[in-house]
Protein chains: 2
Amino acid sequence: MHKNELMEQRESKDYLSQLTLDCVILGFNEGELKVLLLRWKETQEWSLPGGPILQSESIDAAAYRILKERTGLNDIFLKQFHTFGEQPRYNLAEIQEKLKHLIDPEIWYKRAVTIGYYALVDYAKVSPQPDELTVECKWWDIKEIPQLLFDHNHIIQLALQALQIEINLQPIGYNLLPEKFTMPELQRLYETILDRKLDPRNFYKKIISLGILTRLKERRKGVSHKAPYLYKFDKAAYEAKLKEGGLSFL
Amino acid sequence: MHKNELMEQRESKDYLSQLTLDCVILGFNEGELKVLLLRWKETQEWSLPGGPILQSESIDAAAYRILKERTGLNDIFLKQFHTFGEQPRYNLAEIQEKLKHLIDPEIWYKRAVTIGYYALVDYAKVSPQPDELTVECKWWDIKEIPQLLFDHNHIIQLALQALQIEINLQPIGYNLLPEKFTMPELQRLYETILDRKLDPRNFYKKIISLGILTRLKERRKGVSHKAPYLYKFDKAAYEAKLKEGGLSFL
DNA sequence: CCAAAAGTGTTAAAGCTACACCCATGT
DNA sequence: ACATGGGTGTAGCTTTAACACTTTTGG
């Protein structure tokens with residue numbers, strides 16, 4: 001997409017004007033939470049994946065579309081968490097300056113409201129794809145995120161808060177871990193999201209007592225210590241529990 | 001405001017287009033939760049208060065503005081809970097037909113996204129005010145809400161769900177009750193929001209243990225049974241607790 | 001005096017926290 | 001053999017749930 005095309009898009013009647021959507025796409029790898037970020041062409045500036053909403057699609061559909069475009073994945077855990085409508089939301093002049101080689105400063109909306117979604121994905125299954133205005137799409141460790149464009153640091157912060165609440169209501173690991181995983185891996189995921197240490201014995205008891213995990217006979221190999229058991233989620237048991245309403249975690 | 005003025009408003013550059021805001025204004029009276037609804041001129045059709053957002057104001061400011069216009073109150077507990085962007089959200093043709101004597105069917109957006117807020121107010125302090133397109137603004141018992149225009153029944157339903165979660169994190173009663181209230185009144189408020197009966201002894205112990213209430217020497221008079229004590233919130237203690245992070249309810 | 005709702009304490013069960021040692025694996 | 005992290009049980013404490021009778025007031 002070139003300048004003219006983008007201009008057409010912004011002014012097009014095919015899209016909602018002044019309303020966009022941003023996705024905080026979260027994965028888990030090497031014991032850390034990761035976010036998928038995009039680097040804009042000919043810059044060192046990063047931002048969240050996002051974009052405008054088609055007149056013909058629901059906002060959830062727009063989020064799924066963006067997710068599919070950046071990750072290649074369908075059928076993802078996706079949740080709207082907040083709509084950002086401060087006035088101003090960020091320093092527009094700064095954005096116009098930083099991206100003027102890509103986007104005519106004239107065509108930025110003076111104001112845009114954005115709907116924030118977060119997605120939980122299996123890190124290993126994602127093939128990050130930049131879009132028309134960016135050259136690089138890659139995972140960043142949640143603790144090492146640089147200064148981002150727009151108000152995207154703030155958006156990520158609220159997404160993580162929303163996730164801390166959600167972890168008490170959903171077996172988040174189901175979406176963030178590969179099919180088979182070890183108990184310490186699951187524990188580290190919870191520790192990262194909740195940002196505190198958990199006791200391994202208590203964690204084990206609590207997770208097992210939910211009755212939604214199956215321990216496999218396999219163990220993880222190739223580690224220089226005792227080989228941990230592998231587990232997987234028992235989807236049927238999980239959905240049965242959910243219906244009873246009886247799912248609440250840590 | 002007449003047809004032409006409304007037309008100008010819809011098409012005006014002073015407002016965001018295709019993005020509106022709706023407020024679920026909740027009060028508590030006679031042991032029941034109430035919502036403030038508006039009846040449209042020359043109809044029996046009811047809807048939530050809401051409207052478009054000025055280019056110059058944040059979405060929170062727009063919500064406060066609408067609230068102020070309908071209730072006369074400033075400084076209200078207000079919380080964004082969800083943004084509604086289904087496509088379609090409701091049957092537009094039906095709305096056009098029902099309101100054609102007020103609004104030219106041509107000027108409805110083919111599509112609008114709305115941001116949902118709920119507000120918690122002291123029932124007794126509100127003086128309900130209709131707006132330019134409505135003749136009546138009044139409280140409805142939450143259990144007796146009629147079929148509303150747009151997707152407003154759905155919006156109310158989600159607001160109540162959000163409130164059920166929020167009640168665990170905030171001393172909701174502070175906003176919904178008058179300055180002085182009795183323990184049974186507070187209990188009935190919790191029972192109504194959570195939609196289940198609570199044990200009065202356990203409720204009393206739990207609330208008192210939070211240490212944010214002061215029992216007054218006064219009692220409520222004029223009831224044909226034992227006179228209950230009055231309590232009020234100890235705002236200082238409440239804010240101290242909140243800072244410690246140690247506030248979690250029922 | 002009757003009807004209505006307020007006020008109050010104890011006990012049992014469940015859930016949570018804290019805590020330490022031996023085991024299996026790769027180098 | 002050593003370093004690394006895995007796997008596991010118990011006891012005390014806190015929190016929650018269940019439960020019933022007496023009191024006060026107005027009519």
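Proteins come first, then strands; the chains are lettered A, B, ... in the order of their sequence lines, and each starts at number 1. A quick note: this is a predicted structure, and the numbers were derived from the prediction, not measured.
For the pair A:Asp199 CG and C:dT17 P, the computed distance is 9 Å after rounding to whole Å. C:dC16 atom P lies 9 Å from atom CG of A:Asn202, rounded to whole Å. When rounded to the nearest whole Å, the span between CZ of A:Arg196 and P of C:dC16 equals 12 Å. In this structure, B:Tyr229 atom OH and C:dT8 atom P are separated by 6 Å, rounded to whole Å. Rounded to a whole Å, the CD1 atom of A:Ile208 is 15 Å from the C1' atom of D:dG9. Going from atom CG of A:Leu186 over to atom P of D:dG7 covers 12 Å, rounded to whole Å. One can place CD1 of B:Ile207 at 15 Å from P of D:dT15, the figure rounded to the nearest angstrom. Distance B:Phe203 CZ to C:dT8 P: 15 Å, rounded to the nearest Å.
Between A:Arg188 and A:Glu32 no salt bridge is recorded (no basic side-chain N to carboxylate O distance below 4.0 Å). A salt bridge links B:Glu166 with B:Lys79: the distance from a Lys NZ or Arg NE/NH1/NH2 to an Asp or Glu carboxylate oxygen falls below 4.0 Å. With salt bridges taken as basic N to acidic carboxylate O contacts below 4.0 Å, none links B:Glu45 and B:Arg39.
For the residue pair B:Tyr64 and B:Asn74, no side-chain donor N or O sits within less than 3.5 Å of a side-chain acceptor on the partner.
In this pair, A:Phe81 and A:Tyr118 present their aromatic rings tilted. The plane angle is within the 30 to 60° band. Between B:His152 and B:Phe150, the two ring planes are tilted [angle within 30° to 60°].
Not a single donor-acceptor contact under 3.5 angstrom links the side-chain atoms of B:Lys205 to the base of D:dT15.
Phosphate proximity of D:dT16 to B:Lys206: present, with a side-chain N or O under 4.0 Å from OP1 or OP2.
The residue among B:Ser224 and A:Lys226 whose nearest nucleotide of DNA chain D is located toward the 5' end is A:Lys226. Where A:His225 and A:Arg201 meet DNA chain D, the nucleotide closest to each residue was compared, and A:His225 sits on the side nearer the 5' end.
Checked against C:dA6, D:dG26, C:dT8, the side chain of B:Pro228 finds its nearest nucleotide in C:dA6.
A heavy atom lying under 4.0 Å from DNA chain D marks none of the residues of residues 214-222 of chain B.
Aromatic ring centres of B:Tyr238 and B:Phe233 lie farther apart than the 6.0 Å criterion allows.
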